[in-house]
There are 2 protein chains.
Amino acid sequence: LNNKAILDMPIADLVIPAEKVAHVQSGNSAEHALLVLTKTGYSSVPVLDVKYRLQGLLSTKMITEEILGLERIEYDRLATLKVEDVMDQEVAYLKITDTFRRALDLVINHAFLCVIEEDGTFAGIMTRRVILKQLKKHIYS
Amino acid sequence: LNNKAILDMPIADLVIPAEKVAHVQSGNSAEHALLVLTKTGYSSVPVLDVKYRLQGLLSTKMITEEILGLERIEYDRLATLKVEDVMDQEVAYLKITDTFRRALDLVINHAFLCVIEEDGTFAGIMTRRVILKQLKKHIYS
Ligand SMILES: Nc1ncnc2c1ncn2[C@@H]1O[C@@H]2COP(=O)(O)O[C@H]3[C@@H](O)[C@H](n4cnc5c(N)ncnc54)O[C@@H]3COP(=O)(O)O[C@H]2[C@H]1O
Ligand SMILES: Nc1ncnc2c1ncn2[C@@H]1O[C@@H]2COP(=O)(O)O[C@H]3[C@@H](O)[C@H](n4cnc5c(N)ncnc54)O[C@@H]3COP(=O)(O)O[C@H]2[C@H]1O
């Protein structure tokens, strides 16, 4: 039994494809983005531009922190805030050609990773849930 | 090399102890809870009563969904909503005496698990991050 074989497994088959990933557009307002986050139920989603390229990550936490005033959360500021002003431009990502080894290293500190095609377009995401399922399968085999 | 040895490992040493876990009290308002969530930076935390017993889980998502009106998010309702009205009373939990096997099964579908002492009080939490670190260590050993 080769304990380390799982590490060289390509991630391509495990990626949740772009069409199944909820995202927001970088041109939207924070108010619109907060509605998308609330309706899809995800706490954090990728931010893409009109050419489907990855621009950053946006979470409900980032929006709420941005409008946290001294005494209360200032929701009236949401309509004028833009996604690009609030989002985190530092995104942990994988290339579609990366192996499980790289994905395992990064998910220690990130709930999900964005996956990028060779041409730089957004390919999908790799989640902790998918990685944990593979690791469980590997242990029980 | 015993691939399955990790499964019988007791979870006790891996638990993040109660004193390090951000939580909200079941008697608080949703407005107070949202401030706690925003300031601590966690998307979801345990809800405890005055006797430190686990009552449920509360997330920013649950609060925002509760006040999502037809046209906008109705933040004026937050002050009158109570934590107990919004929280999820169904909590995935582990006993302090459980093994890694049980923790691995549950984290497939939960970002973290609450851990309970033999007397029913809250002992702490088990996170996906801690489990992933153990699995990575196991694969590389
Ligand atoms: N609609 C749903 N149905 C069933 N289970 C659900 C669910 N929404 C959330 N969960 C569970 O809660 C975990 C944390 O979700 P969260 O939205 O905070 O954090 C998510 C979210 O930020 C992002 N994510 C996952 N799937 C996504 C998707 N289809 N589109 C956009 N973002 C996604 O990746 C993070 C980690 O996802 P992961 O699956 O490992 O872990 C998920 C999953 O186990
Ligand atoms: N202040 C911080 N410093 C460094 N990294 C941070 C961080 N806050 C969040 N993260 C990273 O983001 C992941 C998701 O955090 P989230 O708050 O959505 O979801 C968290 C949160 O709901 C809960 N949690 C974790 N630690 C907690 C604590 N000390 N008190 C209360 N809840 C906690 O367990 C979930 C999973 O935690 P996990 O560590 O696996 O995964 C964390 C961790 O990898």
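To find a chain, count down the sequence lines: A is the first, B the second, and so on, and within it residues start at 1.
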Quiz item: What's the shortest heavy-atom distance between A:Ile108 and B:Arg129, and which atoms?
Solution: O-CG, 3.1 Å
Self-check item: Side-chain heavy-atom pair A:Tyr140, B:Arg101 within 4.5 angstrom cut-off
Solution: yes
Quiz item: Highest number of heavy-atom pairs under 4.5 Å with chain A: which of B:Ser44, B:Ala111, B:Gly41?
Solution: B:Gly41
Self-check item: Closest non-hydrogen atom pair, A:Asp105 against B:Lys136
Solution: OD1-NZ, 2.7 Å
Quiz item: Does any heavy atom of chain A fall under 4.5 Å from the side chain of B:Leu68, the backbone, both, or neither of them?
Solution: side chain
Practice problem: Measure the spacing between CG of B:Leu132 and CD1 of A:Ile131 and express it to the nearest 0.5 Å. | Solution: 7.5 Å
Self-check item: chain B contacts, top residue of A:Arg128, A:Lys133, A:Glu31 (heavy-atom pairs, under 4.5 Å)
Solution: A:Arg128
Practice problem: Side chain from CB out, backbone as N, CA, C, O: work out which of these in A:Thr60 comes under 4.5 Å of a heavy atom of chain B, or both, or neither. | Solution: side chain
Self-check item: Part of B:Thr64 lying under 4.5 Å from any heavy atom of chain A
Solution: both
Quiz prompt | Which atoms of A:Leu37 approach chain B - backbone, side chain, both or neither, heavy atom under 4.5 Å | solution = neither
Exercise. Check the pair B:Leu104 / A:Leu135 against side-chain contact (heavy atoms from CB on, under 4.5 Å), numbers first and verdict last.
Key: CA-CA 9 Å; B:Leu104 179 56; A:Leu135 289 166; 5.6 Å; no
Exercise. Please flag which part of B:Leu7 lies under 4.5 Å from any non-hydrogen atom of chain A: side chain, backbone, both or neither.
Key: side chain
